[in-house]
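A short write-up of the structure that comes next.
One is the number of the first residue; the rest follow in order along the sequence.
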Amino acid sequence: RIAAFAPMSGDAYQFEGGCVRPHPTSILEFHGAADPAELYAGIPAREDPDWRRTGVLEWLTTWAARDGCGGGPQAFLQAPSVLGEQWTGCPAGLAIAHYRIAGLGHAWPPPIAGQSALDIIWRFFQAHPLRTT
């Protein structure tokens, strides 16, 4: 029922058994590099063994691999405070992309390359409808 997700400063908890889903799903993720609530680098098991949180890039790379993407991440946007990356070699109709916003805490991102995050998300959702297999 879900074609794509667009988390903002989301958690990526690592649970035993991993994530099971019925079909590959596109992801567009936004994250502030200075987020004090959801650390960009995650929280290692040694600091909290029951609630280890993977770092943003680790979580997205794992998701991309499960979706069948063969490579990445590769930069598609490099601005003074924003790095946009996407994973490459994904099956047709799938995408894993990420915006890392320097200096941003746990907050909605400012405009990126003159576009609101909401507009970016809407276009991503329109470009990645639910796949039929």
Indicate if [X] and [Y] have the same hydrophobic cluster label, given that clusters are the connected sets of ILVMFWY residues with side-chain heavy-atom separations under 4.5 angstrom.
X      : Y      : answer
Leu104 : Ile112 : yes
Ile2   : Phe30  : no
Val82  : Ile121 : yes
Leu57  : Leu83  : no

Donor-acceptor contacts under 3.5 Å from residues 69-80 side chains, at least two apart:
none

Atom of [X], atom of [Y] and distance for their closest heavy-atom approach:
X      : Y      : value
Pro7   : Leu28  : CD-O, 3.3 Å
Ser9   : Gly105 : OG-O, 4.2 Å
Pro36  : His106 : CD-N, 3.9 Å
Leu94  : Asp67  : CD1-O, 3.8 Å
His128 : Gly93  : CD2-O, 3.2 Å
Ala102 : Ala33  : CA-CB, 4.1 Å

> Under the side chain to side chain contact (heavy atoms under 4.5 Å, CB included) test, which residues partner Leu118, sequence neighbours left out?
Replying inline: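 With sequence neighbours excluded, Leu118 shows a side chain to side chain contact (heavy atoms under 4.5 Å, CB included) to Trp108, Ser116, given in chain and number order.
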
>> The test is side chain to side chain contact (heavy atoms under 4.5 Å, CB included); show your working for Trp59 and Ile27 and say whether it passes.
In response: CA-CA 11 Å; Trp59 172 69; Ile27 297 284; 4.1 Å; yes

> Do Arg66 and Pro24 touch side chain to side chain, with heavy atoms closer than 4.5 Å?
Replying inline: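 They are not in contact (no side-chain heavy atoms under 4.5 Å apart), so the answer is no.
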
>> By the side chain to side chain donor-acceptor pair (under 3.5 Å) test, which pairs, at least two apart or in different chains, include something from residues 79-101?
In response: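 Pairs touching residues 79-101 that pass the test: Glu29-His98, Tyr40-His98, Thr61-Trp87.
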
>> Between Phe124 and Ser26, does the side chain to side chain contact (heavy atoms under 4.5 Å, CB included) criterion hold? Intermediate values first, please.
In response: CA-CA 9 Å; Phe124 184 83; Ser26 294; 3.8 Å; yes

> Going through the checks in order, is the side chain to side chain contact (heavy atoms under 4.5 Å, CB included) test met by Ile96 and Trp63?
Replying inline: CA-CA 8 Å; Ile96 307 298; Trp63 193 283; 3.4 Å; yes

